[in-house]
Amino acid sequence: MLKQVAVYTARQFTRALVMPNLSPPIETVKQALAYRTRILDAVPASLNFDPKMTLYLTENTSPKQIKEAADCEHVLGFKLYPSGATTNSKFGVTRITSMMNIFECMAKYDVCMQIHGEVTDPNVDVFDREAVFIEQVLDTVHREIPEFRMTLEHITTRHGIDFVKQCSTNIAGTITPQHLMYNRNEMFKSGIRPHHFCLPVLKREEHRMALLEAATSGDPSFFLGTDSAPHTRNSKESACGCAGIFSAVAAIEYYAEMFDGIDKIDRLEGFASHFGADYYRLPRNTEQITLIRKAKTIPRAIPSCHASISEQEIVPLKAGEGLSWSLEEKPEPRTGIRN
């Protein structure tokens, strides 16, 4: 799977923040560096790709592991998964508010925490789990440890947008292309649409509009985070299909489509290239890509490494549909986004 999909991200981005929810999970710097090597081996060296890593936060994460992460230039934080919240999250945290000592240690070493922000209480409606998480967990952690840097990943609600806006510069949020494009109706068009199922799930139109407003506002607290997740067709189209949307095939074009749709294409460069780098204290990239207003069609499927096995292919976001923006394959020097 890695060899099948890594090149798509590397063609579009010089850097990517790689999530650790493999099975088994990536819990140590040593494991993260080994995973990073596997990623680089799967990508042509000519693409100049620099994956940045995260470690899987557990209730057994130690101060030593945190210090090692802080000292490693290739590791940018720990990912918090509430246990049972999403793919391979069974190793995650069950009692988040009992981990204040770990959070204080992370704050001490200035290590960021990336968060899948949902409660997993089965009594909480799936569409309310982000809002309840913010109210019951995230707000408490931020109030008690205000210097702690946290990224609320793949925000899906107005509640998430408002939380980030009201907090200090230590808090940021990422926004995916699918949550900018679609509301929850998209999962139920003419039946169940498993390839539009992700976690957190798509929300009401009012929340989509709040995300679009934040993403295109120029507020540096919000930046690009695709949450691209490759799953095979047979694992999506099953009696209990898994969550995840594969957007790496045309991620920057999806964003361009949404920004251009409300005449904010001039805000895309900050959202995609500047704000995330600034937040993670990385130098801004000097190389550029060029987007052109040229129609393209998203492939209906990404072939499996086993080309004859259709069940193993990956169905990308907007499969078979058209876009009005394209990434120029051979970028021209000193150019940015142009019409």
- Query: Same hydrophobic cluster for V201 and I161, using side-chain heavy-atom links shorter than 4.5 Å among ILVMFWY?
  - Reply: yes

- Task: Can you measure from NE2 (H159) to CG (D128) and round to the nearest 0.5 angstrom?
- Result: 7.5 Å

- Under 4.0 Å between a Lys/Arg side-chain N and an Asp/Glu carboxylate O for K264 and D266? no

- Task: Determine, using the 4.5 Å side-chain heavy-atom cutoff (strictly less than), whether I175 and L17 are members of one ILVMFWY cluster.
- Result: no

- Message: Around atom NZ of K296, are there more than 12 heavy atoms from other residues, nucleotides or ligands closer than 6.0 Å?
- Response: yes

- Query: Any chance CZ of R300 has more than 12 other-residue heavy atoms, nucleotides or ligands included, within less than 6.0 Å?
  - Reply: no

- Message: If you count heavy atoms of other groups shown closer than 6.0 angstrom to CD of E213, is the number above 12?
- Response: no

- Item | Distance-only donor-acceptor check, side chains T54 and Q114, under 3.5 Å | no

- Query: Does NZ or CZ of R281 fall inside the cone over Y279's six-membered ring, less than 6.0 Å from its centre and within 45° of the axis?
  - Reply: no

- Task: For residues I314 and P230, report the shortest heavy-atom separation together with the two atoms involved.
- Result: CD1-CB, 3.9 Å

- Is there side-chain contact between R15 and F49, with at least one heavy-atom pair below 4.5 Å? no

- Message: Before you tell me yes or no, could you show the steps for R284 and D278 under side-chain contact (heavy atoms from CB on, under 4.5 Å), namely the whole-Å CA-CA distance, both residues' side-chain angles and the distance that decides it to 0.1 Å?
- Response: CA-CA 7 Å; R284 292 182 179 182; D278 295 347; 2.7 Å; yes

- Message: Taking P200's backbone N and O only, do any of them form a donor-acceptor pair with T156's side chain (distance below 3.5 Å, no angle check)?
- Response: no

- Message: In terms of relative ring orientation, are F271 and F259 parallel, tilted or perpendicular, with 30° and 60° separating the classes?
- Response: tilted

- Message: Could you tell me if H116 and E118 have a donor-acceptor pair between their side chains, going purely by distance under 3.5 Å?
- Response: yes

- Salt-bridge criterion met for D260 and R293 (N-O under 4.0 Å): yes

- Nearest-0.5 Å distance that lies between atom CG in L291 and atom CG in L268: 6.5 Å

- Intermediate values then yes/no, side-chain contact (heavy atoms from CB on, under 4.5 Å), E253 and I298: CA-CA 10 Å; E253 293 101 320; I298 303 299; over 6 Å; no

- Message: Could you check whether E186 and Q178, counting side-chain N and O atoms only, form a donor-acceptor pair closer than 3.5 Å?
- Response: no

- Rounding to 0.5 Å, atoms SG (C105) and NZ (K108) come to a distance of 6.5 Å

- Verify the distance criterion only: is there a donor paired with an acceptor across the side chains of Y81 and N21 at less than 3.5 Å? yes

- Beyond-backbone contact of V111 with F78, side-chain heavy atoms, under 4.5 angstrom: yes

- Are the side chain of E321 and the backbone of T297 linked by a donor-acceptor contact shorter than 3.5 Å? no

- Message: Does K52, at its NZ atom, have more than 12 non-hydrogen atoms belonging to other residues, nucleotides or ligands within less than 6.0 Å?
- Response: yes

- Member of I39, L76, T9, I26 meeting the side-chain contact (heavy atoms from CB on, under 4.5 Å) criterion with V18: I39

- Please round to the nearest 0.5 Å and tell me the distance separating atom OG1 of T140 and atom CZ of F103. 11.0 Å

- Message: Is there a path of hydrophobic side-chain contacts, each under 4.5 Å between heavy atoms, that joins F13 and F222?
- Response: yes

- Message: Let me confirm one number: the NE2-CE distance from H196 to M181, rounded to the nearest 0.5 Å.
- Response: 9.0 Å

- Atom of T226, atom of A251 and distance for their closest heavy-atom approach: CG2-CB, 3.8 Å

- Query: Is there a side-chain contact between K236 and V315, using heavy atoms and a 4.5 Å cut-off?
  - Reply: no

- Message: Quiz question: by atom type and distance under 3.5 Å, do the side chains of E153 and T174 form a donor-acceptor pair?
- Response: yes

- Measure the CG-CZ distance between L202 and R193 for me, rounded to the nearest 0.5 Å. 11.5 Å

- Query: Have Y8 and S228 got a donor and an acceptor in their side chains that come within less than 3.5 Å?
  - Reply: no

- Query: Are L33 and L57 linked, directly or through other ILVMFWY residues, by side chains that come within less than 4.5 angstrom of each other?
  - Reply: yes

- Query: Does the side chain of Y182 come within less than 4.5 Å of K203's, by heavy atoms?
  - Reply: no

- Verify, without hydrogens or angle tests, whether R208 (side chain) and L180 (backbone) share a donor-acceptor contact under 3.5 angstrom. yes

- Item | Residues S89 and T86: side-chain donor-acceptor under 3.5 angstrom | no

- Task: Return yes if a side-chain donor-acceptor contact under 3.5 Å exists between E59 and T94, otherwise no.
- Result: yes

- Item | D219 versus S217, side-chain donor and acceptor atoms under 3.5 Å | no

- Any side-chain donor paired with an acceptor under 3.5 Å for E147 and N170? no

- Message: salt bridge (Lys or Arg N to Asp or Glu O under 4.0 Å), that's the test. Do D71 and K67 meet it? Break it down for me.
- Response: CA-CA 6 Å; D71 291 340; K67 178 64 165 58; 2.6 Å; yes

- Task: Let me see the working for V29 and Q65 under side-chain contact (heavy atoms from CB on, under 4.5 Å), right down to the final yes or no.
- Result: CA-CA 7 Å; V29 169; Q65 288 173 298; over 6 Å; no

- Any side-chain heavy-atom pair of I171 and L152 under 4.5 Å: no

- Task: Of all the heavy-atom pairs spanning I96 and F133, show the shortest one and how long it is.
- Result: CD1-CE1, 3.7 Å

- Query: Taking NZ, NE, NH1 and NH2 as the nitrogens, is one of them in R143 or D139 under 4.0 Å from a carboxylate oxygen of the other?
  - Reply: yes

- Item | Backbone of G270 reached by a side-chain donor or acceptor of S273 within 3.5 Å | no

- Message: Would R184 and F127 count as a cation-pi pair here, with the cationic atom under 6.0 angstrom from the ring centre and within 45° of the axis?
- Response: yes

- Query: Should V93 and L22 be counted in the same cluster of Ile, Leu, Val, Met, Phe, Trp and Tyr side chains packed under 4.5 Å apart?
  - Reply: yes

- side-chain contact (heavy atoms from CB on, under 4.5 Å) assessment of M258 paired with L212: CA-CA 8 Å; M258 298 309 299; L212 189 58; 4.2 Å; yes

- D50 side chain near R36 side chain, heavy-atom distance below 4.5 Å: yes

- Query: Would you call E130 and I155 a side-chain contact if the rule is heavy atoms closer than 4.5 Å?
  - Reply: yes

- Message: In the structure I gave you, are the side-chain heavy atoms of H231 and T87 within less than 4.5 Å of one another anywhere?
- Response: yes

- Query: Do you know the tightest heavy-atom contact between Y280 and R149?
  - Reply: CA-NH1, 4.4 Å

